[in-house]
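First up is the structure itself, then whatever we jot down about it.
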Amino acid sequence: MASNPKADTSIAAHPALLCFVAGSIAGGVEASITYPVECVKTRLQLRKETGKAMETTHSRFLVFRDLVRREGARALYTGCSALIVGSVAKDGIRFLTFDTIKSAFKDPDTGTPPPLRSLLAGLRSGVLSSTFASTPTERIKVALIDDARTAKRFRSARDAVRILYHEQGFFGFYRGFASTTLEVRLTARTDSLRAHAFHL
């Protein structure tokens, strides 16, 4: 009696899982490599908001130099864990939802979605990733970077989550949700191209 063929349990046999894993890995690697630049950019934005004379430099290089001199090279990775977790979730969700929505939008004749529907799929996947990953982790990252240069209340990302939740509640993690989500309109086409390249 012939036995049934063994089920394929590899990731490649599950396209949705493959999309999520590929996006998560890409997001984590990207965040790890580019975080010092992100940290300097955030510091510069926070300094502009304070209006202090000694902190009004608009040069990222000078902010980078001063940060390393005052706090050491380790300060360049303040809040990095929050961004990595957020990037892993964000890009995993983007790849997964884009592929799912794109499949629902595909043309029955060609088997692929028209350009406009592909762009719409990228936009929707970006909004979902902003809701469930980008906005909360961006809030935590900024809080950690700001705290490192001022009060130094947070011992870790987990501690920051606990304190922010206690002080501001659940919706405190969604401050800046509108601006973060609106950025999706600018990156939707890029998301679509990245996902298309993944499937090439």
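The two atoms that bring Gly79 and Lys141 nearest to each other are O-CG, 4.0 Å, heavy atoms only. Minimum interatomic distance between Val68 and Ala73 (heavy atoms only, all atoms of both residues): CG1-N, 4.2 Å. Closest approach of Thr42 and Val142 over heavy atoms only: CG2-CG2, 4.1 Å. Shown here for Ala157 and Ile140, the closest heavy-atom pair between the two residues is O-CG2, 4.5 Å. Closest approach of Pro36 and Ser32 over heavy atoms only: CD-O, 4.4 Å. Ala133 approaches Gly86 most closely through the heavy-atom pair CB-O, 3.9 Å.
In this structure, the side chains of Phe95 and Leu18 stay at 4.5 Å or more apart for every pair of heavy atoms. By the 4.5 Å heavy-atom criterion applied to side chains, Leu76 and Tyr35 are not counted as neighbours.
One finds the CG atom of Leu17 at 9.5 Å from the OG atom of Ser24 (value rounded to the nearest 0.5 Å). Atom CD1 of Ile84 and atom OG1 of Thr137 lie 11.5 Å apart (nearest 0.5 Å). Atom CG of Asp66 is separated from atom CD of Glu71 by 10.0 Å, given to the nearest 0.5 angstrom. One finds the CD1 atom of Ile145 at 9.5 Å from the SG atom of Cys80 (value rounded to the nearest 0.5 Å).
Look at Glu138 and Arg175 and you find no salt bridge, because none of the NZ, NE, NH1 or NH2 atoms lies under 4.0 Å from a carboxylate O.
In this structure, Thr135 contributes its side chain and Ser130 its backbone to a donor-acceptor pair below 3.5 Å. Although no hydrogens or angles enter the test, the distance criterion places a donor-acceptor pair under 3.5 Å between the side chain of Tyr174 and the main chain of Thr131. With hydrogens and angles disregarded, a donor-acceptor distance shorter than 3.5 Å links the side chain of Asp147 to the backbone of Lys152.
Cluster membership for Tyr77 and Leu144, using ILVMFWY side-chain heavy atoms within less than 4.5 angstrom, is not shared.
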